[in-house]
Amino acid sequence: GAVVSQHPSWVICKSGTSVKIECRSLDFQATTMFWYRQFPKQSLMLMATSNEGSKATYEQGVEKDKFLINHASLTLSTLTVTSAHPEDSSFYICSAQGQYNEKLFFGSGTQLSVL
Amino acid sequence: SQKIEQNSEALNIQEGKTATLTCNYTNYSPAYLQWYRQDPGRGPVFLLLIRENEKEKRKERLKVTFDTTLKQSLFHITASQPADSATYLCALGLFPGGQNFVFGCGTRFSVLP
């Protein structure tokens, strides 16, 4: 199956720091990438959908200035958590989708802990 | 209101038995439904996709059914093994080839040796 690489796997940072998470599709062109947040024992909460070369579409309640998403190429999307605070601590997961492909291929996730 | 529910938060089963996980939804008309497996601290992995005009799909020891009248999908794991222990998520695909998905909360499944 297709491979999606997500880095870093773990981030521990101080409050006020900005954190960038990368999501790369290694062997296919990802026309669409999704970013999710997941709390322990809960399901995936979609944060935003991004198509290559255009602005991300954010879900209701997700601050676009807080969670900056860039999808500059067909193989790379980044999520930057700006001025992170303890309440931003969570497991962030990206997924990628090829054109007309209904399957989602997920990254391995990033556990963010803000002290 | 729109809901997607998976039958139980946790399901334990003896090794070798067949497990059945359920996914029920209300006020959606999905074009297809997917099942994913998620291990702790990892991203979900795609398992099976079944379309609205399909009744059943199989892949090795896995079988998925889709009943659009009952608005329910059943996910069966036959001859369960401890390595099958994981959280299983169902996801509704709202449009063919589209980008709109809704995920259930998952069922934590454990196979006891």
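- Under a hydrophobic-cluster definition in which Ile, Leu, Val, Met, Phe, Trp and Tyr are linked whenever side-chain heavy atoms come within less than 4.5 Å, directly or via other members, L79(A) and F91(A) are assigned to different clusters.
- Heavy-atom contacts from other residues, nucleotides or ligands closer than 6.0 Å to CD of E87(A) number more than 12.
- One hydrophobic cluster, built from ILVMFWY side chains closer than 4.5 Å, cannot hold both L68(A) and L112(A); they sit in different ones.
- Residue contact with chain B, scored on non-hydrogen atoms closer than 4.5 Å, is absent for Q6(A).
- By the 4.5 Å heavy-atom criterion applied to side chains, I93(A) and P44(B) are counted as neighbours.
- Rounding to the nearest 0.5 Å places CE of M45(A) at 12.5 Å from SG of C105(B).
- In this structure, T49(A) OG1 and F101(B) CZ are separated by 9.5 Å, a value rounded to the nearest 0.5 Å.
- Clustering ILVMFWY residues whenever any of their side-chain heavy atoms sit less than 4.5 angstrom apart, transitively, puts M33(A) in a cluster other than the one holding L74(A).
- Follow the hydrophobic side-chain contacts under 4.5 Å out from V11(A) and you never reach Y36(A); the two are in separate clusters.
- Listed for the S108(A) side chain is no donor-acceptor partner under 3.5 Å among the backbone atoms of R42(B).
- The candidate with the highest count of non-hydrogen atom pairs below 4.5 Å against chain A, out of A31(B), G41(B), A91(B), G106(B), is G41(B).
- Only the side chain of Q38(B) comes within contact range of chain A, with heavy atoms under 4.5 Å apart.
- Between the NZ atom of K103(A) and the OH atom of Y36(B) there is a distance of 9.0 Å, given to the nearest 0.5 Å.
- Using a 3.5 Å distance cut-off with no hydrogens or angles, the side chains of E102(A) and Q34(B) do not pair a donor with an acceptor.
- By the neighbour-count criterion of 12 heavy atoms within 6.0 Å, atom CD1 of I12(A) is sparsely surrounded, having that number or fewer from other residues, nucleotides or ligands.
- When L104(A), T32(A), L44(A) are compared by the number of non-hydrogen pairs under 4.5 Å with chain B, L104(A) comes out ahead.
- Put simply, CD on Q42(A) and OG1 on T87(B) are 12.5 Å apart, with the number rounded to the nearest 0.5 Å.
- To the nearest 0.5 Å, the span separating CZ on F106(A) from CZ on F46(B) amounts to 11.0 Å.
- Hydrophobic clustering, with ILVMFWY side chains joined whenever heavy atoms are under 4.5 angstrom apart, keeps V45(B) apart from Y32(B).
- Other residues, nucleotides and ligands contribute more than 12 heavy atoms inside 6.0 Å of the NZ atom of K66(A).
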